Each structure stands twice: as C-alpha cells, then as structure tokens.
Amino acid sequence: MNGVFFVSNFSAQHLLINKPLIQQMIDLANMTPNDTVLEIGAGQGAITLPLAAKASHVLAIENDPEYARKLASKLQYYSNIRIKQIDFLQMSLPKEPFCVVANIPYSITTPILAKLLGEPKTVKLKRAVLLIEKGAAKRFTATPIIDPRTLAWRMWYEIRLIRSVSPSHFSPPPRVDSAVVIISRKMEPVVPPHYQERFLAFAVYSLRYLKLPFDESMAGVFTPPQLARLTRTLKIDRSQPVCCLSEQQWGELFLAMIRHVQPHRWPKLPKHRSRKSK
Ligand SMILES: C[S@@+](CC[C@H](N)C(=O)[O-])C[C@H]1O[C@@H](n2cnc3c(N)ncnc32)[C@H](O)[C@@H]1O
C-alpha cells in the first residue's frame with residue numbers, strides 16, 4: 001500500500017504505519033520553528049522523527065523501556081529530540097507554551113486530556129493534534145455537551161474532529177475506528193482560566209439532570225427576576241433542556257453568577273471531584 005511501512009512490535013501497541021497520515025498530523029499542528037512539541041507515547045518513533053524535522057525541540061515521552069531504548073538507538077542524527085522514559089500521567093508538563101502531536105494510548109485517553117486541558121491557567125498547551133478512538137472523539141466534540149468536564153474543557157479549548165482513520169493504518173490494526181482531533185486554546189475565552197474549578201462546579205451542578213428545563217435547573221443559583229433577565233439577554237428559551245445551551249451562553253451565565261449572585265449560592269464541587277481532595 002502507498003505510504004505504508006512495516007514495523008516490528010514487541011508490545012502489541014497499535015503503531016502507526018501510514019506516512020501520509022503522520023505527515024498530515026504534523027502539518028495540522030501548525031508549528032512555528034521555535035515550538036516545543038510533546039509526543040505522548042512515542043513508541044519506536046514513527047511520529048517522533050518526522051516531527052523533529054519541523055519542530056525546534058521534541059520531547060518524546062514513552063514509558064515502555066524497550067521502546068524508549070529502541071527509539072534512543074535511532075537518534076544519532078537528531079540533536080533536537082529528548083526522550084523521557086516516564087509515565088506521562090506522572091510527569092511535569094513543560095513550563096513554556098507547548099504543542100502536542102501524538103498517537104496516544106487509547107486506554108488512558110480521558111486522563112491524558114484531563115492533564116492537558118483540566119488546568120488552563122497553569123498548563124500552557126497551545127495546540128494538540130491527537131489520534132484517539134473515534135467514539136471518544138465524537139463524545140468530546142458532540143453538541144449538545146452533556147458531560148460537565150467536557151463542557152469545562154471546551155470553555156478554554158476548541159476541540160474539532162478532523163477525519164476518521166481506519167484500523168488498516170496501524171500495525172496491528174485496532175478493533176475500533178480512530179480519529180484525528182485538533183485541540184486549540186481559545187484566544188479570547190468567555191470565562192477567564194482562573195475560574196476553572198468554579199466553572200466546573202457550576203457545570204456539574206447545572207448538568208445534574210440533563211433534560212431539566214433551563215429555569216428549573218438554575219433555580220438554586222439565580223433568583224426568579226435574575227432568571228427572567230438572563231433568559232431575555234442571552235436569548236434562552238426557559239423551557240429548553242439545560243444541556244442545549246451553547247458554549248457562549250454557558251460562559252455568560254457563569255459570569256452573571258460571579259457578578260450578581262452571593263458567593264454562598266455558588267455551587268460547590270462535590271468532594272470526590274475537587275482537585276484538593278485528590
Ligand atoms: C498507540 S502507541 C503509539 C506509538 C507510536 N507513537 C506510533 O504512533 O507508532 C502508544 C504508545 O504509548 C506508550 N504508553 C502507554 N502508556 C503510556 C504512559 N502512561 N506514558 C507514556 N507512554 C505510554 C506505549 O508504550 C506506546 O508506545
């Protein structure tokens with residue numbers, strides 16, 4: 001097959017074997033020559049080496065010692081790749097702004113996204129191009145947004161499904177379809193990033209019953225006159241299910257709460273979801 005190469009694979013990971021797809025992912029990252037790029041799960045370097053031709057620094061993360069060793073043996077001509085043999089979920093992220101290009105381990109997709117997107121004030125992710133399971137890609141990009149955490153991520157990052165990828169692009173082929181997603185930091189988010197944890201609390205509370213009409217869902221936060229005003233100014237049908245709000249409407253509702261509602265009425269994050277409780 002055109003553009004397809006074969007690799008040995010001792011860990012039975014789904015390694016990418018389609019060079020045009022790898023090139024497309026790198027092009028989609030829209031890197032500038034000074035960008036630091038993180039690759040999560042570098043494997044034997046199918047993405048790492050072409051990535052190094054475009055980025056000024058590549059930080060290749062791989063927790064399998066055998067893969068990390070094999071990748072290291074290929075690097076004599078590359079001075080801009082650093083391999084870190086570590087569990088991505090345990091490592092500290094770069095302090096400077098960074099991009100990510102990766103065919104990630106699907107089994108930890110949500111923890112990876114939570115680490116990249118869950119703390120927009122401190123984590124300096126600019127853009128990510130990720131290959132993930134197609135079902136997950138659809139969930140993270142769906143409208144209406146029914147999951148509070150996805151809603152919180154999408155207040156600060158745009159998540160787009162770019163294309164489907166069939167199992168034949170991997171060796172060995174996975175049982176599921178995959179998809180390329182692009183995640184880009186919003187330049188002018190409606191809600192400032194330092195409100196991340198408060199916004200998540202608001203989202204968890206508001207989306208506790210997805211089909212509850214808007215005004216019933218918000219009755220514990222806003223007074224009836226405040227709700228009347230908000231439905232008018234934000235053009236919300238008060239009987240619509242709360243999950244049908246747009247990202248803009250969610251952002252403006254949250255800011256209205258911060259500005260006009262007494263703090264004791266602001267929803268709190270349940271203990272098990274609070275960062276401080278971890
Ligand atoms: C789907 S493979 C992709 C490999 C390579 N990038 C490619 O596309 O051919 C995922 C890689 O992530 C690595 N991996 C799995 N869990 C990891 C973790 N927690 N931290 C870092 N790497 C991990 C696996 O060893 C594997 O090499």
Side-chain angles (χ1 to χ4, degrees), residues 1 3-29 31 36-55 57-75 78 80-94 98-118 123 125 128-137 162-183 278:
M1 202 189 304
V4 168
F5 55 99
F6 293 93
V7 287
S8 68
N9 183 359
F10 36 81
S11 292
Q13 292 284 340
H14 303 292
L15 303 183
L16 255 180
I17 53 170
N18 187 299
K19 284 185 173 169
L21 172 62
I22 292 169
Q23 205 48 57
Q24 186 190 14
M25 288 177 65
I26 293 171
D27 291 344
L28 284 168
M31 288 172 298
T36 290
V37 187
L38 200 69
E39 187 191 359
I40 304 163
Q44 302 185 38
I47 300 177
T48 325
L49 304 182
L51 202 48
K54 287 274 176 77
H57 302 290
V58 177
L59 182 53
I61 309 303
E62 175 54 59
N63 72 340
D64 181 320
E66 197 54 25
Y67 276 146
R69 190 194 55 73
K70 202 152 182 193
L71 180 55
S73 72
K74 297 179 183 172
L75 296 193
Y78 296 86
N80 61 340
I81 301 177
R82 189 152 67 93
I83 305 175
K84 248 189 166 179
Q85 195 231 308
I86 192 171
D87 175 354
F88 171 73
L89 299 177
Q90 303 302 326
M91 68 174 270
S92 308
L93 292 172
F98 65 97
C99 300
V100 177
V101 178
N103 168 24
I104 63 171
Y106 292 180
S107 57
I108 52 168
T109 300
T110 301
I112 287 174
L113 288 190
K115 179 160 178 148
L116 291 173
L117 310 184
V123 173
L125 175 71
V129 179
L130 303 180
L131 197 47
I132 65 176
E133 189 187 338
K134 189 172 179 185
I162 300 299
R163 59 164 286 190
S164 297
V165 175
S166 83
S168 64
H169 291 359
F170 302 84
S171 172
R175 267 186 267 163
V176 290
D177 277 340
S178 303
V180 175
V181 294
I182 296 187
I183 298 171
K278 277 183 200 161

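Remember, it's 1-based here, ligands and their atoms both numbered in the order they're listed. The model shown is predicted, which means the values in this text are computed figures rather than measured ones.
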Note to self: Using side chain to side chain contact (heavy atoms under 4.5 Å, CB included), reason through Glu66 and Gln44 one step at a time and then give a plain yes or no.
What the structure shows: CA-CA 9 Å; Glu66 197 54 25; Gln44 302 185 38; over 6 Å; no
Next item on the list: Please test Tyr78 against Val58 for side chain to side chain contact (heavy atoms under 4.5 Å, CB included), starting from the C-alpha separation and ending with a verdict.
Entry: CA-CA 10 Å; Tyr78 296 86; Val58 177; over 6 Å; no
Margin query: Show, in sequence, the C-alpha distance, side-chain angles and deciding distance for Leu131 and Phe170, and conclude whether the side chain to side chain contact (heavy atoms under 4.5 Å, CB included) test is met.
Written below: CA-CA 11 Å; Leu131 197 47; Phe170 302 84; 3.6 Å; yes
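Near Ile86, with a cut-off below 4.0 Å to any heavy atom, the atoms of ligand 1 are 20 (N), 21 (C). The Tyr67 neighbourhood of ligand 1 comprises atoms 25 (O), 27 (O), with distances under 4.0 Å to a heavy atom of that residue. For ligand 1, the atoms closer than 4.0 angstrom to any heavy atom of Leu15 are 4 (C), 9 (O). Of all atoms in ligand 1, numbered sequentially from 1 with element shown, those under 4.0 Å from a heavy atom of Asp87 are 18 (C), 19 (N), 20 (N). With ligand atoms numbered from 1 in the order given, ligand 1 contributes 6 (N) to contacts under 4.0 Å with heavy atoms of Glu39. Below 4.0 Å from some heavy atom of Ala42 lie the following atoms of ligand 1, by number and element: 5 (C), 6 (N). Proximity to Phe88 (heavy-atom distance under 4.0 Å) selects the following atoms of ligand 1: 18 (C), 19 (N), 20 (N), 21 (C). Interface of Asp64 with ligand 1, defined as ligand atoms under 4.0 Å from a residue heavy atom, comprises 25 (O).
Between Leu16 and ligand 1, an N or O atom pair is found at a separation short of 3.5 Å. For ligand 1, one of its N or O atoms has an N or O atom of Asn103 under 3.5 Å away. At a 3.5 angstrom cut-off on N or O pairs, Ala46 does not count as close to ligand 1. Among the atoms of Ile104, none of the N or O lies under 3.5 angstrom from an N or O of ligand 1.
Scored by the side-chain contact (heavy atoms from CB on, under 4.5 Å) test, Gln24 finds Leu21, Leu28, Arg163 as partners (sequence neighbours excluded). In this view, Ser164 and Lys134 satisfy the side chain to side chain donor-acceptor pair (under 3.5 Å) rule, not counting sequence neighbours.
Looking at His14 against ligand 1, only its backbone comes within 4.0 Å, counting heavy atoms.
Between the choices Leu89, Asn63, Leu131, Asn18, the shortest heavy-atom distance to atom 17 (C) of ligand 1 belongs to Asn63.
Using a 4.5 Å cut-off on side-chain heavy atoms (C-beta onward), Glu39 and Val101 make no contact. Between Phe98 and Leu125, some side-chain heavy-atom pair lies under the 4.5 Å cut-off. Tyr67 has its side chain within reach of Gln13: a pair of non-hydrogen atoms, C-beta onward, lies under 4.5 Å apart.
Contact detail for Pro105 and Ile40: the closest heavy-atom pair is CD-O, 4.3 Å.
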